Amino acid sequence: MIERLDGRHAIVTGAAQGIGRAIATRLAADGAHVVLADINEGLANSAAADIGHGAESIACDVADPDSVASLIERAARDGAPDILVNNAAIVPFIAWDDVDIDHWRRIIDVNLTSVFLTCRKATDMMREAGRKGRILNIASNTFFAGTPNMAAYVAAKGGVIGFTRALATEVGKYGINVNALSPGLTESDGVKASPHNEAFEFVEMLQAIPGKGQPEHIANVASFLVSDDASWITGQTINVDAGMVRW
Ligand code: NAD
Ligand code: 4PL
């Protein structure tokens with residue numbers, strides 16, 4: 001059977017656990033060769049082994065330009081990337097009173113500057129190789145909602161959405177599309193281990209469809225947005241949050 005991503009080379013950042021792992025799992029099942037990039041090397045290794053389908057892991061700190069350059073080069077050894085999913089991020093829960101310049105800089109580095117770094121390198125390679133590249137940036141519906149206890153995070157995700165629009169404009173002429181997916185509260189490994197885990201009841205009251213967001217809800221839409229079926233969509237942000245925000 002021919003799968004929709006057969007033969008594609010995909011990189012998913014932050015894929016050792018949570019939403020990134022679910023996306024890597026889905027893209028591999030769709031036929032892609034997937035590189036799982038994560039700062040947590042041990043967990044990324046075991047995730048790649050569990051996923052199978054030739055998935056491999058590469059240790060990478062997405063906030064570090066040298067680490068990102070070597071990730072994209074190593075991932076491209078057996079073919080320029082066709083698909084890049086920027087998913088890695090820190091998901092903090094921090095009172096506004098505790099937000100200082102060190103926290104702000106770290107969140108902007110890991111959650112926003114990282115997206116510039118991977119895209120800078122990957123779009124150059126896709127263009128050189130003449131690939132119809134697909135870039136998917138994982139944002140968050142906190143940008144639309146202004147969710148509390150995450151001020152720097154919300155700002156970084158707004159930056160991701162803005163950059164998605166701008167980069168789509170820059171690289172559309174090379175056949176590369178760039179979109180963002182904004183999940184609502186999702187029961188990932190990171191969320192389960194944080195105070196965000198207490199917010200499900202409140203968030204469900206705001207959703208049009210009741211239920212607890214799961215990483216697979218996000219991966220289903222990610223699979224579509226990186227596929228040929230989405231070739232006429234670019235510069236867009238798709239909320240995947242059971243209708244919590246409706247614009
Ligand atoms: P998670 O904490 O479960 O997983 C994040 C992964 O990113 C981890 O494997 C971690 O090791 C990796 N990572 C962190 N810093 C890194 C770095 N510097 N370099 C490389 N890898 C790094 O998170 P999650 O909940 O699965 O979130 C995944 C994405 O979805 C993030 O972009 C997050 O902002 C977004 N998101 C999550 C939710 C949610 O409720 N879970 C909602 C909206 C958006
Ligand atoms: C609605 O991106 O989208 C909590 C934690 N609540 O990280 C998020 C909502 C969180 C979110 C998010």
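Being a predicted model, the structure only gives us computed values, none of them experimental. Note that ligands are numbered from 1 as they come in the structure, with each ligand's atoms numbered from 1 the same way.
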Decide whether the shortest distance between a heavy atom of [X] and an atom of ligand 2 is less than 4.0 Å.
| X | value |
| --- | --- |
| F93 | no |
| M150 | yes |
| A145 | no |
| S194 | no |

L185 and ligand 2 - part of the residue with a heavy-atom distance under 4.0 Å: both
Could an N or O of ligand 2 be found under 3.5 Å from any N or O of Y153, whether backbone or side chain? yes
Just distances here: any N/O of T147 and N/O of ligand 2 closer than 3.5 Å? no
Checking D38, D50, D189, V12 against R21 for side chain to side chain contact (heavy atoms under 4.5 Å, CB included), the one that qualifies is D50
Only heavy atoms of P183, strictly under 4.0 Å: list the atoms of ligand 2 that pass. 3 (O)
One pair per line, please: each N/O atom of ligand 1 matched with every protein N/O atom under 3.5 Å away, atom names first, then the distance to 0.1 Å.
residue  : atom   : partner : partner atom : Å
ligand 1 : 2 (O)  : Q17     : NE2          : 3.4
ligand 1 : 3 (O)  : Q17     : NE2          : 2.8
ligand 1 : 3 (O)  : G190    : N            : 2.8
ligand 1 : 4 (O)  : Q17     : NE2          : 3.4
ligand 1 : 9 (O)  : D38     : OD1          : 3.4
ligand 1 : 9 (O)  : D38     : OD2          : 2.7
ligand 1 : 11 (O) : D38     : OD1          : 2.6
ligand 1 : 18 (N) : D61     : OD1          : 2.9
ligand 1 : 19 (N) : C60     : O            : 3.4
ligand 1 : 19 (N) : V62     : N            : 3.0
ligand 1 : 21 (N) : I39     : N            : 3.3
ligand 1 : 25 (O) : S188    : OG           : 2.5
ligand 1 : 26 (O) : I19     : N            : 2.8
ligand 1 : 32 (O) : N87     : O            : 2.7
ligand 1 : 32 (O) : K157    : NZ           : 3.0
ligand 1 : 34 (O) : Y153    : OH           : 2.5
ligand 1 : 34 (O) : K157    : NZ           : 3.0
ligand 1 : 40 (O) : T186    : N            : 2.8
ligand 1 : 40 (O) : T186    : O            : 3.4
ligand 1 : 41 (N) : T186    : O            : 3.2
ligand 1 : 41 (N) : S188    : OG           : 3.4

Regarding K157 and the six-membered ring of F143, is the cationic atom NZ or CZ under 6.0 Å from the ring centre and inside 45° of its axis? no
Salt bridge flag under 4.0 Å for residues D228 and R8: yes
